[in-house]
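Hydrogens, waters and symmetry mates play no part in the numbers below; they use all other heavy atoms, side chains included. As the structure is a prediction and not an experimental result, all values here were calculated from the model.
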Amino acid sequence: MNPRIEVVRATPDSWDDIALILGGDGEHGCWCQPWRGTPTAFGLPRGTSRPDMLRTELAGEDPAGFLASLDGEPAGWCGVSVRTRTPRLDASRTIPAVDDAPVWAIGCFKIRVGYRRKGVARALLDAVLDAARADGAPGVEAYPIDPAGGRVDVGFAYVGLASMFDAAGFRRVGETGAHSARLPRILVRLDFDAT
């Protein structure tokens, strides 16, 4: 890992950095929620804002995300969950579950402008793998795209690029019914008992 990059598990105390990376004003921005589910799926009142949903998840036992800083400045985010405890993902027909193992699922990456192509996404991935192993998770999966050497608009690459997961030792399980940039998203998985 680049010594200039530090990655930590996101907590409620890191809210200002999270808001800088994910947000905008109010509910504008991503807030790492669409792939997780609706407020009611998490026992929150209907109409709960996406930022407030994320705040609630950060205070929970399961991981919600990881933050990277580069030279002390907030640089990137990786949204994470336990697949079997993420209602929308767990019930997805376009990204079906391989099995019922409580693997950690990586839903997204968001790297700030000016911090891209500096190893931030890979540092986030490595930190997620280390934390999942330490937490006793059976593995990690993700749903990236493979542009096969072509360029992809950053707005569509938020799911990650398959080559980064290949280099980290993930196996390609197969194409899903989900797409980004008109490319199929690939279910990739790293089972820790196999490594």
Looking only at non-hydrogen atoms, find the nearest pair between [X] and [Y] and report the distance.
X    : Y    : value
I186 : T176 : C-CG2, 4.3 Å
P138 : P102 : CD-O, 3.5 Å
A105 : L89  : CB-CD2, 3.6 Å
G160 : P144 : O-CB, 3.2 Å
T11  : I18  : O-CD1, 4.0 Å
R185 : G107 : NH2-O, 4.2 Å

Roughly how far, to the nearest 0.5 Å, is [atom2] of [Y] from [atom1] of [X]?
X    : Y    : atom1 : atom2 : value
M164 : D126 : CE    : CG    : 9.0 Å
I145 : E175 : CD1   : CD    : 12.0 Å
R83  : D100 : CZ    : CG    : 11.0 Å
Q33  : L22  : CD    : CG    : 9.5 Å
I111 : I21  : CD1   : CD1   : 8.0 Å
D90  : S81  : CG    : OG    : 9.0 Å

Is the backbone of [Y] close enough, under 3.5 Å, to the side chain of [X] for a donor and an acceptor to pair up by distance?
X    : Y    : value
K110 : C78  : no
D99  : A101 : yes
T40  : R46  : no
T86  : V82  : yes
R88  : P34  : yes

Salt bridge (Lys or Arg N to Asp or Glu O under 4.0 Å) filter on R116, not counting sequence neighbours, yields none
So, using salt bridge (Lys or Arg N to Asp or Glu O under 4.0 Å) as the criterion, who are the partners of E57 when residues are at least two apart?
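Checked E57 against salt bridge (Lys or Arg N to Asp or Glu O under 4.0 Å); matches are R36.
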Connected via hydrophobic side-chain network under 4.5 Å: [X] and [Y]:
X    : Y    : value
L124 : V128 : yes
L161 : Y158 : yes
V98  : W35  : yes
V120 : V140 : yes
V7   : F165 : yes

Could you check if a side-chain atom of [X] sits within less than 4.5 angstrom of a side-chain atom of [Y], using non-hydrogen atoms only?
X    : Y    : value
V152 : L183 : yes
R50  : D52  : no
P45  : P39  : no
E141 : V188 : no
F192 : L129 : yes

Qualifying residues under side-chain hydrogen bond (donor to acceptor under 3.5 Å, both in side chains), relative to S180, sequence neighbours excluded:
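None.
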Do L125 and I106 pass the side-chain contact (heavy atoms from CB on, under 4.5 Å) test, and can you show the C-alpha distance, the side-chain angles, and the key distance before you say yes or no?
CA-CA 9 Å; L125 175 58; I106 295 175; 3.6 Å; yes
Under 3.5 Å, which donor-acceptor pairs link side chains of residues 167-174 to any protein atom two or more places apart or in another chain?
| residue | atom | partner | partner atom | Å |
| --- | --- | --- | --- | --- |
| R171 | NH2 | D191 | OD2 | 2.9 |
| R172 | NE | D166 | OD1 | 3.1 |
| R172 | NE | D166 | OD2 | 3.4 |
| R172 | NH1 | D146 | OD2 | 2.9 |
| R172 | NH2 | D146 | OD2 | 3.2 |
| R172 | NH2 | D166 | OD2 | 2.6 |

For residues 66-75, tabulate all N or O donor-acceptor pairs below 3.5 Å that involve a side-chain atom, not counting sequence neighbours.
| residue | atom | partner | partner atom | Å |
| --- | --- | --- | --- | --- |
| D71 | OD1 | R4 | NE | 3.0 |
| D71 | OD2 | R4 | NE | 3.1 |
| D71 | OD2 | R4 | NH2 | 2.8 |

Please determine whether side-chain contact (heavy atoms from CB on, under 4.5 Å) holds for the pair L187 and Y143, giving the CA-CA distance in whole Å, both sets of side-chain angles, and the decisive distance to 0.1 Å.
CA-CA 5 Å; L187 193 152; Y143 322 100; 3.9 Å; yes
Could you please spell out the steps behind the side-chain contact (heavy atoms from CB on, under 4.5 Å) verdict for M53 and F42?
CA-CA 8 Å; M53 283 179 62; F42 291 97; 4.0 Å; yes
Please, which pairs that meet ring-ring contact (aromatic ring centres under 6.0 Å, His included) have at least one residue in residues 77-123, sequence neighbours excluded?
none
